[in-house]
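A quick write-up on the structure given underneath.
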2 protein chains.
Amino acid sequence: MASERSIDSKDRQIVRALQQDGRLSNIDLAERVNLSPSPCLRRVRLLEEGGVIQGYSAVVDPKAVGLRITAFIRITLARHDREAVGRFEAQVQTIDEILDCHLLTGEADYLLRVMVADLDAYEDFVRERLHGITGISSITTSLVFGTVKASRAMPI
Amino acid sequence: MASERSIDSKDRQIVRALQQDGRLSNIDLAERVNLSPSPCLRRVRLLEEGGVIQGYSAVVDPKAVGLRITAFIRITLARHDREAVGRFEAQVQTIDEILDCHLLTGEADYLLRVMVADLDAYEDFVRERLHGITGISSITTSLVFGTVKASRAMPI
DNA sequence: CATGAAATATGCACGGT
DNA sequence: ACCGTGCATATTTCATG
């Protein structure tokens with residue numbers, strides 16, 4: 001396995017702070033977690049190298065960049081052998097409109113989160129992309145009507 | 001409304017780059033989008049002030065911080081009047097384990113994404129938190145068995 | 001943990017397209 | 001109207017002692 005370095009309380013403070021503001025300077029971060037800059041930076045580097053912090057990302061307002069539709073799509077595969085599953089999952093990776101894809105317990109059911117510009121684009125997406133994936137048995141769409149909460153901060 | 005500044009192609013390049021690496025230095029960013037540092041920084045500031053870029057966040061590996069369970073929970077409210085909805089949405093905001101909450105089209109159905117340490121913690125979450133919210137009529141849990149894709153980069 | 005050199009960020013003025 | 005250049009200063013990073 002990759003990641004079982006022991007995370008102590010200071011590390012958790014650091015991760016929490018960097019989830020809230022990924023561009024904190026090391027000096028500000030150190031102050032916030034009551035450390036001096038040097039050991040603080042060391043910890044951040046270790047968290048990055050150990051894979052705890054996988055990267056940094058700008059948080060973008062979807063509407064501001066023209067993405068007005070978010071949909072959750074539930075997909076069931078027709079067959080569940082290794083080959084069908086592998087092919088499905090490989091194709092999911094290549095489709096930019098699919099932001100997340102989770103395998104759910106129970107059936108071989110996947111839950112996708114998809115973002116597109118508008119309903120026309122959504123229809124295109126389903127026809128051109130989803131129907132292009134082999135082995136899908138059923139598709140259930142739930143459109144997002146509003147977002148109550150969208151946090152990027154995990155509860156740690 | 002807040003956000004209808006016209007986003008041109010360069011802005012889109014900048015947003016894309018900062019989604020992939022939110023800690024890019026302005027100099028590297030400028031180079032990547034074929035701009036010199038000054039106008040590049042000007043654009044970034046405008047995108048931030050205009051709300052297109054809402055912030056920056058560290059991307060954390062859930063397993064590395066001990067969050068082994070992700071669940072999608074579908075919730076239906078008993079009543080759909082403004083008061084019941086408002087109370088539900090306000091309580092959702094205060095619960096850290098609930099990362100996302102979306103209102104879906106159709107019924108007053110919400111889809112929550114929840115992260116907790118393990119199944120015991122999940123049981124606690126349902127008993128202590130969810131059942132503490134008034135006005136819920138039904139709860140359907142789907143546990144995440146595996147994650148095929150989890151992108152933070154919107155398709156722009 | 002502290003220090004200092006190198007890199008970077010930030011603001012500004014000016015000229016060019 | 002926007003970009004590029006050049007420059008001054010403040011801040012930050014990072015390697016060393």
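Chain letters run A, B, ... following the sequence lines, proteins first, then strands; residues in each count from 1. As a basis for the values below, the full set of heavy atoms in this structure was taken, side chains included, without hydrogen atoms, waters or symmetry mates.
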- Item | Range on DNA chain C touched by chain A, heavy atoms, distance below 4.0 Å | dC1(C) to dA2(C)
- Could you list all the salt bridge (Lys or Arg N to Asp or Glu O under 4.0 Å) pairs where at least one residue sits in residues 69-80 of chain B, not counting sequence neighbours? Arg74(B)-Asp109(B), Arg79(B)-Asp81(B)
Enumerate, atom names and distances included, each donor-acceptor pair closer than 3.5 Å involving a side-chain atom of residues 51-58 of chain A, sequence neighbours excluded.
residue, atom, partner, partner atom, Å
Tyr56(A), OH, Glu48(A), OE2, 2.7
Ser57(A), OG, Gln19(B), O, 3.0

- Query: If you round to the nearest 0.5 Å, how far is CD1 of Ile98(B) from CD1 of Ile75(B)?
  - Reply: 6.5 Å
- Message: If the condition is salt bridge (Lys or Arg N to Asp or Glu O under 4.0 Å), which residues does Arg43(A) pass it with, not counting sequence neighbours?
- Response: Asp8(A), Asp11(A)
- Query: Can you name the side-chain contact (heavy atoms from CB on, under 4.5 Å) partners of Asp120(A), sequence neighbours left out?
  - Reply: Asp118(A)
- Item | Any pair counted as side chain to side chain donor-acceptor pair (under 3.5 Å), so long as it reaches residues 126-138 of chain B, sequence neighbours left out | Thr76(B)-Ser138(B), Arg87(B)-Thr134(B), Glu123(B)-Arg127(B)
- Select from Arg23(A) and Ser38(A) the residue whose nearest nucleotide in DNA chain C is closer to the 5' end of that strand. Ser38(A)
- Scan for ring pair (Phe, Tyr, Trp, His ring centres under 6.0 Å) pairs involving residues 109-128 of chain B, sequence neighbours excluded, and state none if there are none. Phe88(B)-Tyr110(B)
- Task: Output every pair passing side chain to side chain donor-acceptor pair (under 3.5 Å) with a member in residues 146-155 of chain A, not counting sequence neighbours, ordered by first then second residue.
- Result: Thr147(A)-His102(B)
- Note on the structure: Axis-to-axis angle across the helix from dC1(C)-dG17(D) to dT17(C)-dA1(D), five pairs each end, nearest 10 degrees, ~ 30°
- Item | Members of residues 24-35 of chain A that approach DNA chain D, where some heavy atom sits under 4.0 Å away | Ser25(A), Asn26(A), Ile27(A)
- Message: Using a strict heavy-atom distance below 4.0 Å, which residues from residues 15-22 of chain B are in contact with DNA chain C?
- Response: none
- Heavy-atom closest pair, residues Leu112(A) and Cys101(A): CD2-SG, 3.4 Å
- Query: What nucleotide, of dC2(D), dT5(D), dC14(D), holds the atom closest to the side chain of Arg43(B)?
  - Reply: dC2(D)
- Query: How is Pro39(A) classified with respect to the nucleic acid when contacts are heavy atoms under 4.0 Å: base, sugar-phosphate, or nothing?
  - Reply: sugar-phosphate
- Set of residues satisfying side-chain contact (heavy atoms from CB on, under 4.5 Å) with respect to Asp28(B), sequence neighbours excluded: Leu24(B), Ser25(B)
- Integer-rounded Å distance: dC3(D) P and Arg45(B) CZ: 16 Å
- Query: Is Glu31(B) atom CD crowded by more than 12 heavy atoms from other residues, nucleotides or ligands, each under 6.0 Å away?
  - Reply: no
